[in-house]
Every structure is written in C-alpha cells, then in structure tokens.
Amino acid sequence: MPSSHSPRTYSPHSFSSLRAAPSLVLVALLLFLLFYSLRRPAPTSRNALAHSSTTPADLFLSLSPSANSTIASHLHDLTLHPHLAGTPSAAPVAAYVLSRLRRAGLHTFTRDYTPLLSYPAAASLSLLRPDGTLLKPLSLAEPADPTAAVVPPYHAYAPSGAALAPAVYVNYGREEDYRALDRLGVRVRGCVAIARRGEGYRGGVVARAAGRGAAAVLIFGDPSGGVERGMVRLGGVGDPLTPGWAATAAAGGGGGERLGVDDEEVRRRFPKIPSMPVSAAVAAEILRTLGGPRVPPDWRGGPSQDETAVGPGPTLVNFTYKEDRKLATIQNVFGIIRGNEEPDRYVILGNHRDAWTFGAVDPNSGTAALLDVARRYGTLLRSGWRPRRTIILCSWDAEEFGMIGSTEWVEQNLGILSSKAVVYLNVDCAVQGPGFFASATPQLDKLLVEVTKQIKDPDLEGKTVYHTWVARNNGISIERLARTDSDFSAFLHHAGVPAIDLYYGKEFSGYHTALDSYDWMEKHGDPMFHRHVAIAEIWGLLGLHLADDPVLPFDYLSYAAQLQEHTNELNAFLNGGEFLKPVNASIHELTVVANEASEEGKRLQEQETLEGFAALKRRAFNDRLMLAERSFLEAEGLKRRGWFKHLLYSPPEDYESNITFFPGIVDAIAQARKAAEEGQMGIQHEIWRVARAIQRAASVLRGELT
C-alpha cells in the first residue's frame, strides 16, 4: 500500500554516500527480497506436490490399499449400539466421528439444535370377534429383535389415538388401490386400513387413508422378520416448529422463536390419524380373518398367500398408540479444510449419522466412507497440499426425522451459503447392495461420468465403475433430485446449491429394521467392503475436482439438454399445443449462453498459469457458474409449499407423481382436474414461472444485464 510518509528527495551527496556504502545497498536488497517472499501466497494445491509427479488426485487414489479394512473397522465401531437422534445413545457416535475428523488433521466444530422430535410411549394391538370379545392379542414387537435392543417399531409424528373398528386391506394404499376398492363397493371410512409397504412415501399412505376417513393405518413390510420404522410427517423438511429458521437458542440465552403445536402451519404437517408399522406375520393374522369381496388378482403376494378378501371385517381391530412428542437436542459435527486461494468458496460433503436402529446400511455405511475421505484428505494435507477452495465435511443429526440437522444448518447459514456454497455432495446409504446409482443436478453430469472412469469397479476385475454403470443401464442413468429423502434437500430445494447423491444398491429388505446391522453388511451387503471403497473414492475425487480445479467443472449444456428433454416429455403429457412455448424459448436462450460459457471456460483453462487479471476473470466466471443454479429459485416458493423454492427440481405435491421435474406445473395440472377453467390459468402461470427462472439462469451465466 502507499506510504503515509512525505516523499523523500536525495542530493548528489546522498547518492555518493550510498556508493560509498555498498553494504547498506546489499542489506536493503536483502530486506526487500525477504519482504517480497513474505508477501507471496503460500504453496497452493497446484504446486504443493511440485517436487513429485504425483497429483493430489493420484495421491488420494493411492491410499486405497487397506482402505476396506479401515472402513470396516469404522462401521463396526459406529454400529455397536443403536443411536436414535435426540437420545443419550446418540452422543458416543457423535464423539467418535468428531475424534476421527480431528485425528485426520481437520479443524472441527459442532452445532446443536433443539427441534421437536417424536418417540413411542405406549402401544397395543389385538384382534376381536364381531361381538367384541378377544380373539387374539397381537404383538407389536419386531421378530428380528427378540431382546428389544432397539427402539420399538413406530411411526415418528404419528399422533396419539385409538381405533376399535373393522379392518380393510388397501394393498399399497395408492389412489389406484382405493379406486379398485370403490369398484368393489368397499369403503374405508371408520375402518383400520391395512397397507403393505413398497410404493411411495409411508406418510402419503397415511394421509390418503385419512382423507378417505380411515380411523388408523397399519403398514406391514417384508416377511423377513424386520419391521420398518420411519417418519410420517407431511409437507416439508426440518424442524416442524421453526419452518424457515433454525431451531437454535436466542442470542443472549433463552429459547428461540417457535410456532405452537396448535398453529395451523404446524398442524397441517402432522398426520391426522394414528399409524403403526407391524410385522408381516401380524398383518397375515388380521388379513386371513377378513370377509367381503375377493382380493383383486394383481394384489396377491401379500403377507399370506391364502388371503382371499379385502374386508371390512367381520373381525375388529383394537389399536391404541400414545406418542411422546418433545423438544430434544441434536448435534451436527463438522471438519473443515480451509481453502488457500478462495477460502470463501465452500465445497460441502455430507452424510447423516443418526439411525433408527444399528444403522450399518442407513446411514453409517456412508459415515464410514466419509471418515475414509477425511483420512485421505488428511494425508494430502500432511504432504503439503492445500485446496484452492474450502472443503467442509458434515455429519448431520436427526435426518430420519425429516432431514432436520442439515436443514437447520442451511436455514441458519442461508445468507452465507447463497453466495458462497459451490456444491453439496451427499452420501446417505453408501452401500445396500450391488450396482452404482447416482442422482445430480445436470451441470454435474459430465464430471460425475469422468470421475467414475477413474475408479476400479468393486465387483468386476479389470473394469471401472463407469463400464459396469453403463452396462447395467444400457447407458448412463443419472436421476434428478426431486425428492426429499436425504440431506441434499435443503441445499438444493431451499438454497439452490448444485448437488449430487451417490450410493451402491437399489434397495435393502432390512431398511429401518433391526436387521440393519454390521453382521448383515459383513455377510451380505459388502463382505470385502470394496463397494464402500468405491463410494469413498468417487465422493472424495468429486470433492477434489470441485475444490481444486481452477475453472469449476460445471456443464450447463447438459443442463439445457436435460431441460429440453423434460419439456418434450411434459408436452407429450399435455397432448402438444402451444402451452410450453415460453419454456422452449427460454431453454433455447440458455443453450446459446451455455455454449458461450463452455468456450469461455476453455479459454480460461488455457490461462491457468497466468496471474493477476486472469485469476480475477476465472473467479468471476466461476461465480456465474455457481450462481446460475440459484436462479431457478423463486422467493415465494411453490404454491401451498413456500419453503420449497426450486422451480425445476423440488418434489411435487402429489406423493404418487411420476413426474420428477417442474413441480409447480405438475401441481397445477393436478389442481386443474378439480377446477378446469381456473386450472388452465394456473398451469399457464406456472409455465411462465419456469420460463422466467430459466431466463434468469441464462442471464446470470452470461454475466451481463439484459
């Protein structure tokens, strides 16, 4: 910076004095060089390994030998005991994760929140004869948990209540199943609905039954002996009492703002009738006593192969449930590697830690992988590497209650994340079987594909994950993130941060049951833990690229192409016409701009070694790539669901919808069936909202005012 002293002048005598004292000149020169060296930036990720031909990515992948045994050891220790969020058993697992992040050399911190959680207090179930006398008491215990080591099966946020009523079998509890019952002349009003698990969100099953007038719902699952716990809350994620702000204590002490449990916004997020998961054996006991019309042929294959009727009755089900709903403390754990050149840009990797039972699959296969990523990053740190951008490793709490830990943190830090978060990389159930699966926002597709080409397939010698991924799906299959089943939700749907979700195995029969144990993983899920290693490598390498690449590896041509596919699909659903013309025009504009951005990115990559102005240009260009996703948000959010801001990939209102994009348009189409004229106007309005959002993204990506 300029000196604050007055300019100094020298006389000829002064210069002759300097010539007479060459030692002073040498000292001054040495001081200048020392000052300059101190002013220079510390070694960066590009030159920290300059004395070796090994790149950070090479070193990261070279740490794979023995990684499977390290991950297995982590998973064993994490799953020794159940660790349900908000209970004393959750603390040791949080402490374990914190200690391992510190051991890896990361800076760590924790954040506590106090949301409203839900636990079971008491429950009973019995089968009565038509005259009301006891026919048989029925167990609500889990056959796979004879010692009651874990929390009894229950539905979080199911209200206290009781029902003494005939039972009706509703198959999966979908609208099409109720239409089939209507054709048979069977109604569920006043009855206990018996549903089998497997199609859609369990909370949607309960809500549809309540809408039809059912008194209660019992849901059964796989006949393996496990009973699936889970949440049945509706209409959003995060703490139900603090929608849009964090469930923290107020500044200066005391409790923060919370809505009352009787507030309308809170009440509509809770189910109206009690529900309970039961074993397949218990469901079979009830179903084999039913009379009434025969079960439709395509409903066969339930808990008992000899079920012949749907009810109602003539037997009666006597069901009672008492909920313990209370404020409880949860804790998020973080490990940070501060970026060297752009410390205010955040690459975030996250996994939740809490589990319904032991959690070997859900979620601690992901937790063990996260700790292995931390170990590898720590080794890179000790080698002298520093990332260009800041990396944050997150261990979330209370995901099983509705992504609460991650949502509260995003809501608390929304202003910062909106301007500084580059990406969120999520792994929940890292391994639940064979086959690689991925979901992402489309600008990350190309990077995801390129990274999988570098990772050895865990099941086939001589193949990469990319090769087996393509072979399994007859091409690359990347799902979109229009769902609310893991911690990417708040980042993408509320904050507009690009996101990826990774896992091995499509489904797991022991999901949310006592069967989700280390023993199952060691014997069935991943005996050699090589799939865990593959996920850790993909996850960590994605993080390295996004934290280190001078130009962010975002491809908006992929995004524009995907949006065009969505529009074509929706156009076919709407039977053609001019409805989607505004969206098509906006996509065309985005495609043009994405092409320009692609060429600009190539030019900036060629200037990688230049300093000064080129670095500033890269920074500005990266910000445009990062912020384009935010353009798909709209402040007022979706109609009737304002917390969800993303107009392209938030979840639709209808839990059964098969359309996973443009949720506002999809919701409006559903509403149009109720009011045709107003519905058409609503559809067109939502189409214009999407068109404007895509236009905003094009403007941000171009970086110029329009």
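Values in this document were obtained by computation on a predicted structure and should not be read as measured data. All residue numbers refer to positions in the sequence shown, counting from 1.
A search for side chain to side chain donor-acceptor pair (under 3.5 Å) contacts involving Arg325 returns Glu323, not counting sequence neighbours.
Atom CG in Leu448 sits 9.5 Å away from atom CG in Leu425 (nearest 0.5 Å). With rounding to the nearest 0.5 angstrom, the CZ atom of Arg376 is 10.5 Å from the CG atom of Leu544.
Between the side chain of Arg480 and the backbone N or O of Ala440 there is at least one donor-acceptor pair closer than 3.5 Å. When atom types are taken as modelled, the side chain of Asp526 and the backbone of Arg531 share a donor-acceptor pair closer than 3.5 angstrom.
In summary, the side chains of Gln331 and Trp396 do not present any donor paired with an acceptor at a separation below 3.5 Å, with no hydrogens or angles considered. Under the 3.5 Å distance criterion, with hydrogens and angles disregarded, no donor-acceptor pair is assigned to the side chains of Ser650 and His646. With no hydrogens or angles considered, no side-chain donor-acceptor pair links Asn332 and Asp397 at under 3.5 Å. Judged by distance alone, the side chains of Ser395 and Arg353 do bring a donor and an acceptor atom under 3.5 Å apart. Judged purely by distance below 3.5 Å, without hydrogens or angles, the side chains of Asp501 and Tyr503 never pair a donor atom with an acceptor atom. A side-chain donor-acceptor contact under 3.5 Å links Gln412 and Tyr113.
Classification of the Tyr96-His74 ring pair by plane angle, with boundaries at 30° and 60°, yields perpendicular. Between Tyr518 and His76, the two ring planes are perpendicular [angle over 60°; tilted spans 30° to 60°]. Using the six-membered ring where Trp is involved, Phe436 and Trp469 have ring planes that are perpendicular, over 60° apart on the 30 and 60° scheme.
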Original post:
Given Glu461 and Lys456, is the salt bridge (charged side-chain N to carboxylate O under 4.0 Å, His left out) satisfied, shown in steps?
Top reply: CA-CA 8 Å; Glu461 190 70 31; Lys456 294 178 182 178; over 6 Å; no

Subject >> Worked check of salt bridge (charged side-chain N to carboxylate O under 4.0 Å, His left out) between Arg100 and Asp372 >> reply: CA-CA 9 Å; Arg100 294 315 185 272; Asp372 189 60; over 6 Å; no

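Aromatic pair Trp385/Phe60: centroids not less than 6.0 angstrom apart.
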